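This one's a predicted model, so the numbers in the text were calculated from it and none came from an experiment.
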Amino acid sequence: LFHLLEGNYRALGIVKYAVIGSIFVASRFLPRPTADHRWLAAAVACLFAGDFFLILLGTLPGFAPDQVVVKVGGMVGFLAAYLCLLGAYWRRVGWSRAEWLRLLPVVGVLVPVAVVLLPHVDGAMRVWALVFTAFLALMAWSALCTVPRSYYARPVARRFAVAGCLMFLSDLAVGLSFFYPGLHRNQPWLGTFIWITYVPAWALIVVNLAEPRLTRARVS
């Protein structure tokens with residue numbers, strides 16, 4: 001679809017938003033028996049709101065994908081989504097060696113991208129981008145830490161960890177697309193990479209949301 005609709009930004013935006021809409025609608029039909037489930041459902045709702053700005057708004061008359069309101073509105077929605085995910089992930093924090101070791105790949109990927117992008121981001125947008133990136137990195141690290149913290153059942157924690165990694169990579173690619181001059185136009189593969197990481201990540205969140213029990217049996 002990316003290749004078929006490459007020259008039709010409006011049609012491609014509608015298709016993209018329909019994909020995210022399907023994830024959001026699916027989440028609305030699932031029960032939310034615990035606070036953990038409710039955090040996940042709230043994250044998907046914020047995702048849907050963020051993509052209204054990031055994807056759909058730029059296709060409407062009077063708006064363009066490069067406008068500040070489109071970028072900032074999308075980033076606010078995604079920041080809210082990541083805060084909701086942190087609400088679910090921040091369980092049984094032990095600050096163990098295993099947790100700190102999981103910070104290394106996050107920093108190892110983030111630092112080179114930040115070095116490349118920061119010279120191209122100025123003023124208030126740089127401050128906002130740094131705040132957003134800090135929470136993105138915290139979310140990805142916390143997702144990885146759900147495995148050693150053993151609060152969630154092992155399959156659930158593994159899905160959280162994979163989803164966190166995919167979201168992290170997808171959003172760093174979005175940052176390159178947003179702020180590195182001409183990259184998205186000259187490298188169409190970047191848009192494909194964003195979506196083949198982004199959609200499976202949130203699908204995994206909905207898969208976990210569909211689990212009637214998220215935590216290990218010994219957790220009350």
Side-chain angles (χ1 to χ4, degrees), residues 1 12-59 70-91 106 131-147 149 151-153 155-175 177-178 191 193-215:
L1 282 175
L12 184 58
I14 293 171
V15 170
K16 288 178 179 179
Y17 199 57
V19 172
I20 300 307
S22 70
I23 292 176
F24 171 70
V25 170
S27 73
R28 295 295 95 187
F29 283 99
L30 296 173
R32 297 180 287 278
T34 69
D36 298 320
H37 288 86
R38 290 189 286 274
W39 278 119
L40 299 181
V44 177
C46 292
L47 161 81
F48 187 63
D51 267 339
F52 169 79
F53 288 93
L54 206 57
I55 296 174
L56 193 63
L57 188 62
T59 70
V70 172
K71 292 181 179 181
V72 173
M75 291 171 74
V76 168
F78 275 79
L79 179 59
Y82 294 151
L83 290 173
C84 290
L85 289 179
L86 281 170
Y89 297 161
W90 209 254
R91 298 284 191 268
V106 175
V131 170
F132 179 86
T133 303
F135 279 102
L136 170 65
L138 179 61
M139 180 280 300
W141 176 57
S142 298
L144 291 171
C145 288
T146 58
V147 176
R149 287 172 183 167
Y151 173 81
Y152 290 107
V156 171
R158 285 174 176 167
R159 285 193 288 266
F160 280 145
V162 173
C165 290
L166 292 176
M167 290 178 198
F168 185 61
L169 294 174
S170 179
D171 271 14
L172 291 182
V174 170
S177 175
F178 270 7
F193 176 81
I194 290 168
W195 280 78
I196 63 174
T197 49
Y198 172 57
V199 174
W202 285 96
L204 286 171
I205 297 299
V206 175
V207 169
N208 276 352
L209 182 58
E211 291 280 355
R213 186 186 185 95
L214 296 173
T215 58

Using side chain to side chain contact (heavy atoms under 4.5 Å, CB included), reason through T146 and Y151 one step at a time and then give a plain yes or no. CA-CA 7 Å; T146 58; Y151 173 81; over 6 Å; no

Please walk me through it: do W202 and I20 pass side chain to side chain contact (heavy atoms under 4.5 Å, CB included)? CA-CA 9 Å; W202 285 96; I20 300 307; over 6 Å; no

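- Within the 4.5 Å cutoff, the side chain of M167 has heavy atoms near those of the I205 side chain.
- Heavy-atom minimum distance, A163 versus A201: CB-O, 3.5 Å.
- Every side chain to side chain contact (heavy atoms under 4.5 Å, CB included) that F52 has, sequence neighbours left out, goes to Y17, L56, L57.
- For residues 37-50, the pairs satisfying side-chain hydrogen bond (donor to acceptor under 3.5 Å, both in side chains) are T34-H37, with sequence neighbours left out.
- Heavy atoms only, all atoms of each residue included: G74 and F53 are closest at N-CB, 3.4 Å.
- Considering all non-hydrogen atoms of both residues, P200 and L166 come closest at CB-CD1, 4.1 Å.
- Partners of S170 under the side chain to side chain contact (heavy atoms under 4.5 Å, CB included) rule, at least two apart in sequence or in another chain, are I194, T197, Y198.
- Considering only residues two or more places apart in sequence or on other chains, C165 meets the side chain to side chain contact (heavy atoms under 4.5 Å, CB included) condition with L144.
- Summarising the geometry, atom CG belonging to L40 is positioned 11.5 Å from atom CG belonging to L204; distances are rounded to the nearest 0.5 Å.
- For the atom pair CG of L172 and OG of S177, the computed distance is 12.5 Å after rounding to the nearest 0.5 Å.
- Among all heavy-atom pairs drawn from L214 and N208, the shortest one is CD2-O, 3.0 Å.
- Remark: F160 pairs with Y89, Y152 by the ring pair (Phe, Tyr, Trp, His ring centres under 6.0 Å) rule, at least two apart or across chains.
- Here the CG atom belonging to L85 is positioned 11.0 Å from the CG atom belonging to L138, to the nearest 0.5 angstrom.
- When all heavy atoms of A80 and C46 are compared, the pair lying nearest together is CB-SG, 3.7 Å.
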Apply side chain to side chain contact (heavy atoms under 4.5 Å, CB included) to the pair D51 and F78, showing each step before the final yes or no. CA-CA 8 Å; D51 267 339; F78 275 79; 3.5 Å; yes

Please table the atom pairs, donor to acceptor, closer than 3.5 Å between any side-chain atom in residues 23-33 and protein atoms at least two apart or in another chain.
from, atom 1, to, atom 2, distance (Å)
S27, OG, F24, O, 2.6
R28, NH2, A41, O, 3.2
R32, NH1, L30, O, 3.4

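- Nearest approach of D171 to Y82, heavy atoms of both residues: OD2-OH, 2.5 Å.
- Residue F135 places its CZ atom among 12 or fewer non-hydrogen atoms of other residues, nucleotides or ligands, all under 6.0 Å distant.
- Contacts of V207 classified as side chain to side chain contact (heavy atoms under 4.5 Å, CB included), with partners at least two apart in sequence or in another chain: R159.
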